[in-house]
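Let me begin by presenting the structure, written as structure tokens, before commenting on it.
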Amino acid sequence: METFAEIFGIAYQLFDNIGFLVLSASGLIIIFGMMGVINMAHGELMMIGAYITAFSYHAGIPAPIAIIFAGIGAGLVGMVLERLVIRHFYKQLLSSLVVTWGLSLMISQTFLIVFGPSILNVPTPFGSFPVGDQTFGIYRMVLFAVAVMMVASVWAIFAFTKFGTRARATMENPDMANALGVNTGNIYALTFGLGCALGGVAGGMFALTATISPFFGINYTPLAFITVVVGGGGNAITGLISSVLSLAGIQTAVNNVVNVYVGYVAMFGAALVILLALPRGISDYLEQRKIRVRKASSRENSS
Amino acid sequence: MKTPPSSGAPSSVLDPYLGLLNGPQTMGRGVPFWVGFIAIVTVLALCPEFLRRYDIINFSNFLISGFLALSLSLIWGYCGILSLGQAAFFGIGGYAYGIVALNLLNSHGNTDVAMIAGIIVPMIFAVFIGGIMFYARLRGVYIAILMLVVSLLIGLFMRQTADPSYTMGAAYLGGMNGLRPASADDPLLPSLILGLGKSVVELDGRDASFYYFVLGLLTVTYLGLRCLVNSSYGYILVGCREDPERTETFGYDVRLIQLSVFCLAAGIAGLSGVLYTAWGTYIHPDGFGVGPNILVVIWVAVGGRKDLGTALLGALVLEWVSLRLVSEGEIALLALGSILVVVMLIAPRGLAVTLGEYFNTAETYVMTRFGSRANKVTGSDGK
Amino acid sequence: MLLNVTNLLSGYGNVRIVNDVSFSAAPNEIVAIIGRNGVGKTTLMKSLVGLISCAGGKIEFKSTDVTRMSAAKRARLGIGYVPQGRGIFTRLSVGDNLRMGEKVGNSSSSKNFDRVFEFFPILKERQNQKAGSLSGGEQQQLSIGRILVGSPELILLDEPSEGVQPNIVQEIGRIIRRLRDDEGLTVVIVEQNLDLIYAVADRCIVMDKGTIVAELTANELREPDVARRYLAI
Amino acid sequence: MNAPAHQNDASDVILEARGLVQVYGGIRALDGLDLTIKRDAIHCIIGPNGAGKSTLFKMLMGVERPTSGRVLFNGQDVTRLRTFARARLGMAIKFQAMQVFQELTVYQNLFIPLRRNYRPRAIPDQAAQVLAQLHLEGTESQLVGDLSHGQQQWLAIGMSLAAEPTLLLLDEPTAGMSPDETDLTSEIVKSLQHKGVTVVVIEHDMAFIRGLNSPTSVLHYGRLFAHGSFAEIEQNEEVRRIYMGTL
């Protein structure tokens with residue numbers, strides 16, 4: 001029984017870590033992975049989502065709906081930012097990095113000035129259950145489930161809708177998409193907004209577990225970037241999944257063997273090693289391999 | 001930036017004397033620039049005569065920021081490598097200085113070795129981390145973000161060193177509270193004590209002597225870097241920035257050059273950390289956080305990254321502005337963030353650079369408009 | 001005239017590449033633009049599509065002034081563009097690439113798929129494959145098929161023979177003729193492959209250094225010295 | 001492959017490509033290309049668009065690694081050497097896209113390649129010499145962005161020359177040049193031959209190639225399609241066909 005509790009504990013941690021990384025990175029996978037924009041203000045959009053959730057919740061709106069509001073709010077803010085600032089910096093990676101870092105500072109400071117250093121937290125719902133002599137929060141598993149649903153719906157949007165096709169085409173070759181009648185300006189704004197909306201939802205979900213402060217977002221931005229960068233641009237979804245599985249796996253393992261801090265360091269170390277070996281990320285490597293395998297097999301067939 | 005030294009007509013009567021100081025990679029060459037430069041240095045040197053002690057302490061801090069700005073301008077502006085974690089080297093330098101100073105002060109009586117350690121340790125760290133990044137062919141943005149992560153990680157590590165086991169000789173890392181002596185009750189770190197043979201000079205961060213020392217060091221560093229970027233090495237740095245692939249086809253090992261300049265910049269940032277630690281007699285993990293890292297980028301981007309002088313000016317002016325604003329409440333960082341975003345939109349190459357160019361166009365306009373008069377003036381000058 | 005270009009000026013930044021070009025294309029006509037590499041043919045095509053803004057002059061399509069119109073709007077008016085290098089979306093499936101053409105000429109449905117598959121049967125087989133894995137010739141067919149999913153009235157083809165196997169070039173020639181004869185489309189084609197030009201063109205415009213230096217019939221171009229003079233082959 | 005024959009008269013051969021293959025996605029840009037370049041000569045490479053000419057240059061200079069195959073320079077296998085190491089052995093290139101440092105002056109542009117072989121003091125004279133060779137005298141202090149297209153092309157060639165290579169790869173040196181400028185370029189290229197520089201030229205302009213009148217290789221579908229003197233190539237019906245179509 002005790003070993004079962006131990007194993008369950010580790011599995012729970014693993015799922016928790018996976019859910020955490022996926023939620024943090026899900027918006028950025030669109031903004032950075034697909035659009036190639038470095039948005040250092042992504043954490044701040046999550047923070048906006050957290051604030052919207054908290055305010056709506058305390059205004060009497062049920063948490064799930066509050067979180068949806070968070071997504072809508074962050075998405076709208078994102079679209080405004082895209083039109084005002086971001087669109088001047090497409091294809092200029094370093095400049096977009098700098099300007100969005102400025103945005104992140106502006107947003108967090110504005111919230112600090114307007115709402116003060118912290119606001120009333122939202123209680124974590126669903127309580128907990130015991131396994132062995134440990135208790136486990138149910139909400140953490142809900143986070144995991146939502147993370148999986150979010151990835152699935154993002155995939156569905158980009159794979160099956162007209163918007164998704166147009167967005168993927170625009171990101172690959174905006175001039176050609178434009179010459180085929182697609183209003184690429186709108187596609188960019190919508191795609192960016194969608195990424196921000198996902199960030200807002202993630203922020204809203206985390207708002208139920210964390211202290212909400214203007215600097216809420218800083219905890220997520222670097223992590224989200226590492227996850228996305230390790231995933232690579234070859235295929236957003238397989239990239240995200242492979243990256244999250246490897247990073248969360250290593251973190252959980254080291255966490256259990258040594259301690260939480262070393263777990264973090266090990267995760268970043270793993271990210272660094274993966275990037276050294278596969279500078280374009282895991283999914284690019286997988287895509288290349290697939291092509292190579294197909295080539296090899298077609299050669300065999302023809303000979 | 002338009003006239004190379006070889007182009008025949010010297011751009012200024014000073015050219016023969018100033019050599020590399022007046023090269024094409026730095027803005028400002030003519031007599032007006034050097035008169036202005038000497039005027040600024042003189043005014044700064046005279047500050048302790050006029051200002052209150054409290055202001056001088058702050059001004060010392062501004063000048064210390066200047067080193068950090070110079071180091072980022074060197075790698076970002078001249079070589080095209082943006083680091084969002086430049087403050088990491090600042091912090092490492094500060095900690096290295098503190099740890100070595102605490103351990104050696106009693107036996108040596110000065111902090112010379114500590115100061116050198118505060119420069120060398122960040123450089124060694126830069127060789128290690130830079131070597132990994134450049135030889136893995138990481139792209140620019142990855143380097144920028146990885147450096148931020150490295151900085152945050154070191155900060156994270158330093159925060160959890162409150163346990164007494166994190167003691168290095170006479171130094172105790174002290175977690176959130178920052179580095180402190182292991183035994184004494186007084187948490188302060190040593191000030192700069194420069195020694196030459198038996199004679200020692202103590203430079204207390206609150207005194208004008210420290211201010212003079214930092215001002216002198218900053219002037220020398222600025223002029224030295226000016227010579228460096230106008231030397232062959234500087235040309236090649238710029239080549240690596242403009243088109244690394246093309247530069248490599250001329251036989252330059254671009255990665256080695258990037259690594260060397262990264263390492264040099266780390267040393268300068270480390271010096272900044274040393275001076276900061278000695279100035280305030282404390283160093284704590286917040287130095288590795290997002291705040292200090294973003295500030296450096298703001299100074300350099302707003303001033304103008306492609307010139308040492310404008311980057312330095314950006315740091316000094318913005319530090320002064322934020323000190324003014326701090327008295328208005330918590331608006332300082334908001335203002336700095338807004339300034340950065342606005343400058344990136346209207347003058348992406350930096351405010352000082354763009355203003356300088358406006359000044360130049362205005363000058364040419366005046367020259368062409370009133371050409372005859374202007375010619376006469378230069379004509380008489382020539383005689 | 002379906003397309004009317006008058007005194008067009010365009011280029012990149014301060015570099016003027018297309019200099020005072022005027023020509024027109026009548027409905028149901030195939031006009032070839034020929035000339036050496038680097039004389040501005042591709043820049044001219046991009047200006048017609050709207051991917052480069054014009055520094056001066058006028059472009060009229062179906063009697064509408066489109067000079068200042070975005071590329072997207074021109075496409076919806078019915079200008080289909082097949083760029084040099086084919087411009088397919090390599091990460092999209094062949095089917096998705098084809099669907100991207102729906103907006104050309106504002107066609108409301110995707111029933112044109114059948115017609116495209118009739119022209120290019122290979123695309124039907126490869127529908128679910130990533131477009132990047134197609135061979136050069138298949139990519140060229142996809143690029144042409146994609147605009148036919150919409151309902152263009154004018155097709156701009158930039159070097160369709162580039163990097164394509166000879167038998168596919170022949171096939172492309174046949175298809176261009178069919179598009180004109182059966183579907184009543186107008187085609188402006190930039191090409192270096194003389195045989196393809198002989199096979200399809202009604203009229204040839206010769207460009208050099210950004211301007212039009214001659215206008216010939218396809219038969220006039222057949223004279224060996226003429227080709228040699230203008231194309232320097 | 002056909003290697004043994006070449007090794008005997010290796011001193012005669014400066015550069016050799018053996019079985020180069022490069023695959024991008026579904027496209028084989030190079031498909032087992034073999035090529036031999038003789039020392040102290042001009043060698044032209046022609047072929048229809050998309051034949052793999054520019055890809056070949058990237059492989060030769062080490063900007064990209066081939067999927068398979070080898071590159072030999074002066075008999076030494078350089079396939080695994082990085083670009084800068086090949087440059088130090090005496091290779092130089094002018095890519096198709098104009099590669100001058102737009103934000104720098106002409107003098108600064110030349111300084112970077114010249115600095116590898118000269119002390120800073122000697123550079124102004126050397127730069128002046130290079131510029132004289134390119135008919136760009138007196139432009140030292142101009143920003144490169146202000147030069148005409150043709151002048152920038154010459155400068156790009158001049159920068160590669162300033163590195164004092166023994167082998168110079170020129171990808172479309174006359175692209176976008178007027179006929180007069182093209183003639184001057186032809187003169188420059190011919191003058192190099194007397195200075196012991198082997199030049200490999202990719203070019204579309206047949207008049208230019210004819211003017212050089214040198215051994216010519218024709219690439220087609222990433223393979224060596226034909227090789228011979230320009231006169232032979234010009235008379236070759238097969239080559240005419242791949243160039244102008246096969247209907």
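A, B, ... follow the sequence lines: proteins, then strands. Residue 1 opens every chain. Everything numeric in this text was worked out from a predicted model, so none of it was measured.
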Flag if over 12 foreign heavy atoms under 6.0 Å of NZ, C:Lys62
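Above 12, so yes.
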What part of [X] is in contact with chain A, defined as an atom under 4.5 angstrom from a non-hydrogen atom: side chain, backbone, both or neither?
X: C:Leu92; answer: both
X: C:Ser93; answer: neither
X: C:Leu77; answer: neither

Pair A:Met176, C:Arg146 - check side-chain contact (heavy atoms from CB on, under 4.5 Å), show working.
CA-CA 11 Å; A:Met176 195 61 228; C:Arg146 181 170 62 188; 3.3 Å; yes
Verdict with reasoning, A:Leu180 to C:Phe89, per side-chain contact (heavy atoms from CB on, under 4.5 Å)
CA-CA 12 Å; A:Leu180 288 171; C:Phe89 304 108; 3.9 Å; yes
Criterion side-chain contact (heavy atoms from CB on, under 4.5 Å) on A:Arg166 and C:Lys103, from CA distance to verdict:
CA-CA 11 Å; A:Arg166 284 180 189 150; C:Lys103 284 201 166 189; 3.5 Å; yes
Should C:Arg76 and A:Asn183 be marked as a side-chain contact (heavy atoms from CB on, under 4.5 Å) after you check the CA-CA gap, both sets of side-chain angles, and the distance that decides it?
CA-CA 10 Å; C:Arg76 280 177 244 151; A:Asn183 186 336; 3.9 Å; yes
Determine the minimum heavy-atom distance between C:Ala75 and A:Ala179, stating which atoms define it.
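Result for this residue pair: CB-O, 3.2 Å.
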Minimum heavy-atom separation for C:Met100 to A:Ala177, with atom names?
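In this case the closest contact between C:Met100 and A:Ala177 is CE-CB, 4.3 Å.
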Salt bridge check: are A:Arg168 and C:Asp96 linked by an N-O gap of less than 4.0 Å?
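Yes, this pair counts.
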C:Arg91 versus A:Met171: any side-chain heavy-atom pair under 4.5 Å?
no
